[in-house]
There are 2 protein chains.
Amino acid sequence: MDIREGKQKFIESWGKMAGGWGITPAMAQVHALLLISPEPLCADQVKAELDISTGNVSMNLRALLDWGLVYKETPPGCRKEVYFAEKDLWKVIRQIIINRKKRELEPVLLVLDELAAVQETCPQSEHFCTVVRDIRKLTHKANQTLDTLIKADSHWLGGAFLNMVR
Amino acid sequence: MDIREGKQKFIESWGKMAGGWGITPAMAQVHALLLISPEPLCADQVKAELDISTGNVSMNLRALLDWGLVYKETPPGCRKEVYFAEKDLWKVIRQIIINRKKRELEPVLLVLDELAAVQETCPQSEHFCTVVRDIRKLTHKANQTLDTLIKADSHWLGGAFLNMVR
DNA sequence: TTTTGTTTTCAAAAATGACTGAAAATATCT
DNA sequence: AGATATTTTCAGTCATTTTTGAAAACAAAA
């Protein structure tokens, strides 16, 4: 397999995995392209390589910057801005965790806290409260665990996983 | 907050979280309903409670059975089949991990293994191979970790998370 | 300040994915 | 077997999400 084919396949696969991680295909492709590019790229180059529209490139570069997965630099004496990806995978994962936690876990946490106010007045509500309590406990625990992971440094993060495997 | 309002809110929230977990809204709603129902329900009751079509109920109950999140029972002397959810949350999470791993992680693993065949013949391909190698290592590690989690019993699973938090 | 090159915004179009409804298949009961 | 109740399937419709493209905003250079 040569490098051109490899790049293409990589970008395509990264895009496919995206759905499951709360990332749009285009965003994932831009990220993949920047990940494997040794040099920073400008918006135009990204557009050309991936064959997606100017607006799409702009929006997704912005999103990746917001997510903390990509950085931007303005070379002196040059009008274009260039972008490059965070290459430390643990940092990448951490950023993804942070974003998904905020987007998905925390809203649920809020609702579960609200639901704790339901009174147990009948067999049905008793069962409901038991289930909600269980989920609430677990969700809070997951939330704490993620907070710890987020604060931990990359070395420790890898180590923790390794420990679980052993 | 009374039980009716609580149920509704719970089902709605569960549906919202669904997107991020590779589950359709309707599937999540059916699951939520069965989770908080003290008694098993038949397809018709699910349809009535959630106000979704017969076909949708059927497809999603089937999917939940496939995922191992819901069980089915045929009460003797009765024509309808009734469904009830797995209530042990660790089992639920384990099933979700199993399914998502199969659907999302394993295909990527395959591609990465293929990409290992790219030759390092230029600076660009050298960088490409480095990135792919890193991702590949990490992905395999994640895969192993998940395998361990899946095999572990519920008690240990909770314990492992607890340890990480500490 | 004007020109020129670049990025952002956003309404509309396209693509994707989920849901419906009715017909077909299956299962149960008499 | 025939009648009836239940479940499954799937093509078509509908809703949501993503992408486009062109105009507006912005920024640097002249």
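Letters A, B, ... are given to chains in the order of the sequence lines, protein chains preceding strands, and every chain is numbered from 1.
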**Q** Consider the side chain of Pro25(A), meaning its heavy atoms from C-beta on, and name the nucleotide among dT20(C), dT19(D), dC19(C) that approaches it most closely.
**A**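 That would be dT19(D).
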**Q** Would you kindly give the CG-to-C1' distance between Asn60(B) and dG17(C), to the nearest whole Å?
**A**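 To the nearest whole Å, that distance equals 13 Å.
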**Q** Using whole Å, report how far CZ of Arg103(B) lies from P of dG17(C).
**A**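 Interatomic distance, CZ of Arg103(B) to P of dG17(C): 11 Å.
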**Q** Within a 6.0 Å radius of atom NZ on Lys137(A), are there more than 12 heavy atoms belonging to other residues, nucleotides or ligands?
**A**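 12 or below, so no.
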**Q** Quick one: pull up CZ in Arg100(B) and CD in Glu106(B) and give me the separation to the nearest 0.5 Å.
**A**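 Here the rounded value is 13.0 Å.
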**Q** Applying side-chain hydrogen bond (donor to acceptor under 3.5 Å, both in side chains), which residue pairs with at least one partner in residues 1-11 of chain B are found, sequence neighbours left out?
**A**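 Found Glu114(A)-Lys9(B), Gln124(A)-Lys7(B).
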**Q** Looking at Met27(A), is its backbone amide N or carbonyl O close enough to the side chain of Thr24(A) to form a donor-acceptor pair, meaning the two atoms are under 3.5 Å apart?
**A**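 Pair found, side chain donor or acceptor close to backbone of Met27(A).
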**Q** Name the orientation class of the two ring planes belonging to Phe10(A) and Phe128(B) (parallel below 30°, tilted from 30 to 60°, perpendicular beyond 60°).
**A**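 Because their plane-to-plane angle is over 60°, the rings of Phe10(A) and Phe128(B) count as perpendicular.
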**Q** Measure NZ/Lys47(B) against P/dT8(D) and give the value in whole Å, please.
**A**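 Going from Lys47(B) (NZ) to dT8(D) (P), I get 15 Å.
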**Q** In whole angstrom, what separates Asp66(B)'s CG from dT9(D)'s P?
**A**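 So the two atoms are 10 Å apart, to the nearest Å.
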**Q** Taking Asn60(A) for its side chain and Asn56(A) for its backbone only, find out whether a donor-acceptor pair lies under 3.5 Å.
**A**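 Side chain of Asn60(A) to backbone of Asn56(A): a pair is present.
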**Q** Select from Cys78(A) and Ile52(A) the residue whose nearest nucleotide in DNA chain D is closer to the 5' end of that strand.
**A**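 Upstream on the strand: Ile52(A).
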**Q** Write down the distance between CG (Leu50(A)) and C1' (dT18(D)), rounded to a whole number of angstrom.
**A**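 Going from Leu50(A) (CG) to dT18(D) (C1'), I get 15 Å.
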**Q** When the distance from CG of Leu41(A) to P of dT6(C) is rounded to whole Å, what number comes out?
**A**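 In whole Å, dT6(C) P and Leu41(A) CG are 15 Å from each other.
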**Q** Once you round it to whole Å, what is the distance between P of dG21(D) and CG of Asp51(A)?
**A**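 Those two atoms, CG and P, are 10 Å apart.
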**Q** Pull out every protein N or O sitting under 3.5 Å from an N or O of nucleotides 7-10 of chain C, one pair per line with the distance.
**A**
from	atom 1	to	atom 2	distance (Å)
dT7(C)	OP1	Glu81(A)	N	3.4
dT8(C)	OP1	Arg62(A)	NH2	3.1
dT8(C)	OP2	Ser58(A)	OG	3.0

